[in-house]
Amino acid sequence: MNPAMSVVLFTTLAGAAQGLVVAVAALAFGGALDDPAYATSSLAVAEFLLVAGLAASFGHLGRPERAWRAVLMWRTSWLSREVIVVPAMIGLVGVWWWAARNGQAPLILPLTGIVLAAMLWYCTAMIYACLRFIEEWAHPLTLVNFTLSGLSSGWVLATAIAASIRAGDIAALTTPVALVLTIAACIARLAARRRNAALNPRSTLQSATGIMAPSLRQISMGMSAGAFNTREFFHGVAPLVLRNIGRMSIVFGFLVPAILLALALPTQSRALQVLALVIQIPGLIADRWYFFAQARHPQNLYYQVVS
Amino acid sequence: MIQWLKNLFAAHSDHERIRARPGETLARQLALVIDLNVCVGCHACVTSCKQWNTSGSAGPLADENPYGIGPTGTFFNRVQTFEAGTYPQTETIHFPKSCLHCEDPPCVPVCPTGASYKRREDGIVLVDHDKCIGCKYCAWACPYGAREIDEERQVMTKCTLCVDRIHDQALPPEDRKPACVKACPTSARLFGDIKDPDSEVSRAIRERGGYALMPEWETSPANKYLPRRQTPVAGGLSTPNRTITPEGRMER
Amino acid sequence: MFRALSSEPIHDPLAAPDPAADCEVRTTTCYMCACRCGIRVHLRDGQIRYIDGNPNHPLNRGVICAKGSSGIMKQLSPARLTQPLLRKDGAERGAAEFEAISWDRAFEILTERLGRIRATDPRKFAFFTGRDQMQALTGLFARQFGTPNYAAHGGFCSVNMAAGMIYSIGGSFWEFGGPDLDRARLFVMIGTAEDHHSNPLKIAISRFRRKGGRFISINPVRTGYSAIADEWIPIRPGTDGALFMALLHELILSGRVDHAFLKRFTNAPQLVVLDDGPRQGLFAFDPDHAAPGSREPHSPLVWDRVSGRVLPAFPEGIAERSDPALLGNYTLADGTRAAPAFQLLRDRVAECSPAWAEAITGIAADRIRALAGELAEAAFEQAFELPIAWTDAWGRLHPTTQARPVAFHAMRGLAAHSNGFQTVRALAVLMSVLGTIDAPGGFRHKAPYPRPIAPDYRALNDPDMIRPDTPLDAAPLGFPASPEDLAVNPDGSPIRIDHAFSWEHPLSVHGLMHNVITNAVRGDPYRIDTLLLFMANMAWNSTPNTSAVREMLNRREADGQFAIPFIVVCDAFQSETVAFADLVLPDTTYLERHDVMGMLDRPISEFDGPADSVRIPVLPPTGQCKPFQEMLIELASRLKFPAFTTADGKRKFKDYPDFIVNFQPSPGAGFLMGWRGKDGTQGLRGEPNPNQWEMYRQNDCVFHHTLPENMQFMRNWNRPYLDFAKDAGWTPKNDPVQLALYSDTLQRFRLAAQGRTDGRRPPAVLRERIAKYFDPLPFWHRPLEDAAIDTAAFPLNAVTQRPMAMYHSWDSQNAWLRQIHSHNYLHVNPVTARAAGIGDGVWCWVESPWGRVRCMARHTEAVEPGTVWTWNAIGKADGAWRLAPGADESSKGFLLNHLITEELPADLPSGRISNSDPVTGQAGWYDVRVRIRPAAPDEARETSPRTATLPAVPGTETIVRRVIAYMAGERR
Ligand SMILES: Nc1nc2c(c(=O)[nH]1)N[C@H]1C(S)=C(S)[C@@H](COP(=O)(O)OP(=O)(O)OC[C@H]3O[C@@H](n4cnc5c(=O)[nH]c(N)nc54)[C@H](O)[C@@H]3O)O[C@H]1N2
Ligand SMILES: Nc1nc2c(c(=O)[nH]1)N[C@H]1C(S)=C(S)[C@@H](COP(=O)(O)OP(=O)(O)OC[C@H]3O[C@@H](n4cnc5c(=O)[nH]c(N)nc54)[C@H](O)[C@@H]3O)O[C@H]1N2
Ligand code: SF4
Ligand code: SF4
Ligand code: SF4
Ligand code: SF4
Ligand code: SF4
Ligand SMILES: [Mo]
């Protein structure tokens, strides 16, 4: 596939926001949320990320003015469901923030927060996982990846926020969790990538055309200068570059942040905790880009050669 | 308010329902059957489709850089060419491809707006471009690459099976066929109801080993393809072309 | 309001997008190519909404092709010329710097200039036309003008096919005849990619396949039709003659030929004089018997095996009791040694074994033998008889019609080689020995063919026929039957600027358009003043040696004058050639004008009878566009050509439609044969009918006369048909047309070259050439170019294919069609490519002895390893056709023509001779030999050569459209 930046940004940013909400909720349940400033600023950040993500996702639409229609088919469409959950999430975070600001946030709010975050991860991941013939995506690992990457970035974010507002005790709590989640997310992504690399697609030129000759090649795709089918489904990035982007995204999205968090454990260095976030964000964006780029759409079999 | 309720009722009263429910079995399924045995790859079906539909209910179909570098526009039908075997045992196969109007179309349920739908009356899969938000999700959900977004209108488009010809009572009956079918100089494009066992298409599929593309995804495409056949001696019988369709192929 | 929220659609796909619009349907004839299908143009608020095939039309029966379906985009082309243009003074030719002028001005310029030429030396006006099909009018114009320098595109198209077969069987493939696939069992298609008969052939081939007919394609390349052949037999380009000779070898030596047919319907049994002397190689004759059908004063002779003596071939030779010998050697009463033509043919093919042919064609000897077997099988074992009784020319009633269900078809794969004439001759003879001429399931004629061999059209043959202010009293083009018919001066030098009908190419019945510019610039044989090009892209894809020809078009003499002083181009679009014009005349499109496809030119006749058709405008002319026909009528009237002027010196015809209705070359005959007679009740012949156009309009623009069954077959010898054709005025004689297995016509030229006849003799330097190539029996020889070059250094043949979705250069301006082929690749067999170190899709150089191009390679297993090919005419000059600078066509697309030469070295005064068939002057496009090598890594990734960007000429669209979203009659 040819990754659409709007979608890449939306899923990564919203993911981080969801993770952050979960982190804040967890602290709330743990009764570790005595510092209202932390709750409000974190929720503000989460809200900002969600809205920013949503805004980005509009960029993907050809007819954004009709976007409201997308809520209608929740019965069958994961995309529709996502479109319903996102505003709900935004609303909830807003309310929660407002409540937190007034100093009395009933536990139902963090509870709903966790539920909505989970639902949103599920919807977003299912949008891809339900496309059975995109074999790179049609797998439980897709759900695991979206959830763990979101949680990881969310907890790293929670840590960074804590660090930046000098809520050292909270940072001390979140850092180890962030570390564990980041390592887990890393392992999950590596597992998915190994699986994808090993896949041999069920669709072949033979099954795509019904021409059962062992040596079958396309000679012409039927047009000279490409079409939607060549623009939307081919990223056109050189294999080497692709591989490097893949490697970098693991390094910056997970490994480096993990190392920084590990170093921050004993020292509780605020600099390291913030740095972990700064480095992870581009890393995760690259990883999400790679998630799309790695998917080989069966339609591509029909669009191989111009002549 | 009354009207509102009426509509509510109307929209869901079964006899008025235009849209097929997911998994609903339909009485009719219109489709194309493409005869690879005679297709010479002339592209008549490509441009006749374009001219009919650009001025039709699915149009206009935009062309970008029509006279510039990299001309690229919206087409509902493409004719591709494949090559099998090695010289001198080479087969050249021309391969037209448009929407297959799958009986279980993965492109429909994923659509968040309902713009993508399958007609209950005749099984045609359509896009309601007054509803479409151009999210392209349906195109991702089509394994065959049969959908193309119209870059100008930013709505999804695809083969309509010339729904605005085949049901047009204003046209003489012999003209109520898709533009590409009428155009095809080799009559390589058959059109009809695959649910009617006596239709030309059903017979062709039965007798000539019509097969579906990418059966592995169980989209059960309504469109079928007829394989190459070979006549080894003049006046002899034509048999499946072994060099490109080995035994067993026909049983699909 | 709720529906909008329900899952039900809100847009009704069945609703008309523009309900208020008024719609109408008009029929006319397509001209997106020369196939001339019937179309229905659907208009919505006066704009074209849709063009579909006319189901009532005999040619396409409702189908339409990719080009025909894209007529809308031709009509909307930004490259449309809309005003007459005059080259800015001082501007170079090729720079396309023009000022728009009025029609009055344009006609003044032309009348003054042409009037002056006509009054002094009419030869100085040269008029050549391309893919048009209105040669009846253009030919009449040239003849009335009085210039011999006129021809259409046939000389660079397929004249080898026309001449090779017409001089052998009196008809030919191309628009004059074709394969009867409705009844054939075996179809052998040779050297055909897309053919002229585009849609009808597609219809026929697919029906044939469905019926389970066997289809073999012989072609170095497997595309298009060949793709669906049951078997593809790759062959080396230029070698088919050897294949046919070997097939004849197999059939004749094993006696698998149609003896009865040969004896009665061909000249196979006629005795050929063997003795030295002025009649050697001609048919012996009996002074006392006239010979129907033969050009001889007297009847040829046969050896009757029954009576054991010599008999006149007609009528005795074909009488019930006699049995003419096909083989043997005999002595006539006067002691002359003679042998049946068939014996000589047998001797000729005896040497041509399959093994011999294998070495030449690359086709295994066994395959050739098997193919011969298949042909005989189909022709004789699969044969059947139609219950159709017919009477032959000598009055014998045949109770049934014998089918020979083996059909051939061939086109430019044979024609476009300099050995094409004899190759096509060989094919015609092969078809003849199988008896599959105008027989059910075989080759079938289309009216006005068959015609006598050679057809009774003599071209001008004497320089004195050219006189100021007088029409020629012979046609500029004809069918020479002897050296006396050639257009040569007493010293044997050419009369015509293209050297047609000269000793260089005696049977160049379609002229040599491809040499006009080169000859004119060289002043060989003389200088001309004005060159009028109509519908021909001679500065690009229509000429060989494109780069050089472009330079010549702009060449100036020492005195600064142009070597060709005045060039007039009539085109509908801003082509490459328009840029080189001094005066540009904007034509209408096919949807905007009247046209005639009639019996005097190239009708659309079918096997079952004559048919002609017309175009009737469905749209008004764009801008100031004027139909070329109207321009000619206007000019002819202003120049007061006799045929266009009344006795009292007034203009005779109001306009083209008026001309078509009222002009009669001979009483009762006109351009159109439908609905003649005052009340339109007469077909074929009759006085002018004022309502003729209206009648055509009411009848789908086509008139089709279906012959009675007994006149549909064996028409070379079909008495009722021959009489009918004579009455219709298609041929002056009603004699049978005996197939010329042995061509005494060719022998006549050879005798002249050998100096055995008194009368005209070729110049010394050409005698050997004439003697060699005017062989009365078919033979295979290497393409002429091979002798001029080092074939080892250029090991590959380079050919082109017609893309089904493109018509020559016409369609790069077509927004839809160009998306299918915006640029082209050189298709190379992977083995060949790897040997040259050229990867799939990479840039490479293709070099011939005459030029080189850089292009991209595409590996394919569907080409013979010794051949490379590309789609024809996709590459374009930068900015031509109003394409943006750097458009795919000019940056990635390429033209093979840069590699092809129009001339070869020769020891003629000029030192050059046309690179064409020595008999017909057919351009040898497909003879070109090349080598390939990878482009260096540091080279530009773009095609070479590239041309300077052309500006938009006045009247064409100048705004660059980024998007078009066409919707006829706008939606509200
Ligand atoms: N769509 C479309 N249709 C057209 C045209 C067009 O431009 N576009 N042009 C029209 C015109 S003007 C013409 S003349 C006709 C021409 O009709 P065709 O003759 O069918 O056209 P070509 O492309 O010249 O086909 C030549 C074929 O001969 C093969 N060939 C080349 N050399 C040899 C040889 O030595 N032996 C054999 N056996 N095969 C050989 C080539 O591979 C090619 O397949 O098409 C007409 N129809
Ligand atoms: N390499 C190579 N070269 C070839 C061939 C090949 O096979 N290979 N084929 C050769 C053959 S067979 C042929 S016939 C020639 C074709 O050569 P031509 O017929 O000379 O060239 P075309 O490109 O067909 O068109 C000539 C001009 O006709 C113009 N035109 C189109 N429609 C109209 C109209 O309605 N009115 C007027 N006035 N002009 C119009 C176009 O704009 C174009 O400029 O090419 C020859 N050249
Ligand atoms: S029109 Fe018919 S023959 Fe031509 S490409 Fe389409 S299907 Fe094939
Ligand atoms: S072919 Fe693609 S677009 Fe058409 S119905 Fe099937 S899945 Fe949907
Ligand atoms: S692009 Fe249009 S039709 Fe396709 S899924 Fe999105 S809204 Fe539905
Ligand atoms: S059925 Fe109609 S829309 Fe579909 S490909 Fe044919 S012409 Fe185009
Ligand atoms: S073959 Fe196509 S382009 Fe040529 S006349 Fe027929 S429809 Fe028109
Ligand atoms: Mo031609």
Side-chain angles (χ1 to χ4, degrees), chain B residues 4 7-8 11 18-19 37-38 40-44 46-48 50-52 54-57 59-60 62-73 83 85-88 90 92 94 114 117 126 128-131 152 160 163-164 167 182-187 230-231 233-235 237-238, chain C residues 1-3 6-11 13-15 17 49-50 52 63-66 69-70 72 78 185-186 199 202-203 206 209 212 214 222-225 227-228 230 234 374 377-378 382 804-805 815-816 818-820 822 829 860-862 882-884 886-888 961 963-968:
Chain B
W4 188 86
N7 292 346
L8 174 67
I18 294 171
R19 186 187 175 98
N37 193 40
V38 291
V40 293
C42 71
H43 286 88
V46 175
T47 53
S48 57
K50 176 87 173 187
Q51 65 160 342
W52 173 259
T54 194
S55 296
S57 70
D63 296 292
E64 280 188 284
N65 318 322
Y67 308 106
I69 299 169
T72 174
E83 215 175 74
T86 51
Y87 180 86
T90 316
T92 304
H94 299 294
Y117 65 104
L126 285 181
D128 178 342
H129 45 67
D130 290 350
K131 278 186 173 180
E152 184 67 0
T160 65
V163 65
D164 54 349
H167 296 307
K182 273 167 42 58
C184 179
T186 65
S187 336
Q230 218 169 8
T231 309
V233 289
L237 287 177
S238 68
Chain C
M1 160 267 180
F2 176 85
R3 224 162 214 288
S6 86
S7 59
E8 292 294 288
I10 41 181
H11 171 78
L14 275 57
R49 185 259 201 265
Y50 177 56
D52 62 350
V63 309
I64 191 166
C65 80
S69 300
S70 305
I72 295 172
R185 294 279 172 76
L186 174 63
N199 277 337
K202 291 183 184 73
I203 296 170
S206 58
R209 291 272 295 145
R214 174 159 166 83
R222 187 168 205 177
T223 60
Y225 304 146
I228 61 168
D230 294 298
E374 283 195 64
E377 217 301 310
Q382 305 267 330
M804 290 187 177
W816 295 343
R818 79 178 281 249
Q819 291 184 52
I820 300 173
S822 77
N829 185 297
T860 167
E861 298 280 348
R882 293 306 299 119
L883 296 179
D888 307 24
R961 279 183 283 175
V963 174
I964 49 178
Y966 181 76
M967 162 72 75

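Because the structure is predicted, anything quoted here is derived from the model rather than measured.
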**Q.** Side chain / backbone / both / neither for B/Glu152 at chain C, heavy atoms under 4.5 Å
**A.** side chain

Q. Is there a donor-acceptor pair under 3.5 Å between the side chain of B/Gln51 and the backbone N or O of C/Ile72?
A. no

Q. Where does C/Ala15 contact chain B at under 4.5 Å (heavy atoms): side chain, backbone, both or neither?
A. backbone

Q: Count the heavy-atom pairs under 4.5 Å between each of B/Glu64, B/Lys182, B/Glu83 and chain C, then report the option with the highest count.
A: B/Glu83

(Q) Can you classify the ring geometry of C/Tyr50 versus B/Trp52 as parallel (below 30°), tilted (30 to 60°) or perpendicular (above 60°)? (A) perpendicular

Q: Output yes when a side-chain donor or acceptor of B/Thr90 lies under 3.5 Å from a complementary backbone atom of C/Glu861, and no otherwise.
A: yes

Q | Side chain B/Lys131, main chain C/Glu8, donor-acceptor under 3.5 Å | A | yes

Q. Between B/Asp164 (side chain) and C/Pro13 (backbone), is there a donor-acceptor pair under 3.5 Å?
A. no

Q: Would you check if the side chain of B/Thr92 reaches a backbone N or O of C/Ala227 as a donor-acceptor pair within less than 3.5 Å?
A: no

Q | Contacting moiety of B/Cys42, where chain C heavy atoms sit under 4.5 Å | A | both

(Q) Restricting to non-hydrogen atoms, name the atom on B/Thr47 and the atom on C/Ser69 that form the minimum distance, rounded to 0.1 Å. (A) OG1-CB, 3.3 Å

Q: For B/Asp128 and C/Pro9, indicate whether the former's side chain and the latter's backbone hold a donor-acceptor pair under 3.5 Å.
A: no

Q) Heavy-atom distance under 4.5 Å to chain B: side chain of C/Ile203, backbone, both or neither? A) both

Q | Portion of B/His43 that has a non-hydrogen atom of chain C nearer than 4.5 angstrom | A | both

Q. Checking heavy atoms, do the side chain of C/Arg222, its backbone, both or neither come under 4.5 Å from chain B?
A. both

Q) C/Arg961 side chain to B/Tyr67 main-chain N or O, any donor-acceptor pair under 3.5 Å? A) no

Q: Could you look at B/Gln230 and say if it's the side chain, the backbone, both or neither that has a heavy atom under 4.5 Å from chain C?
A: both

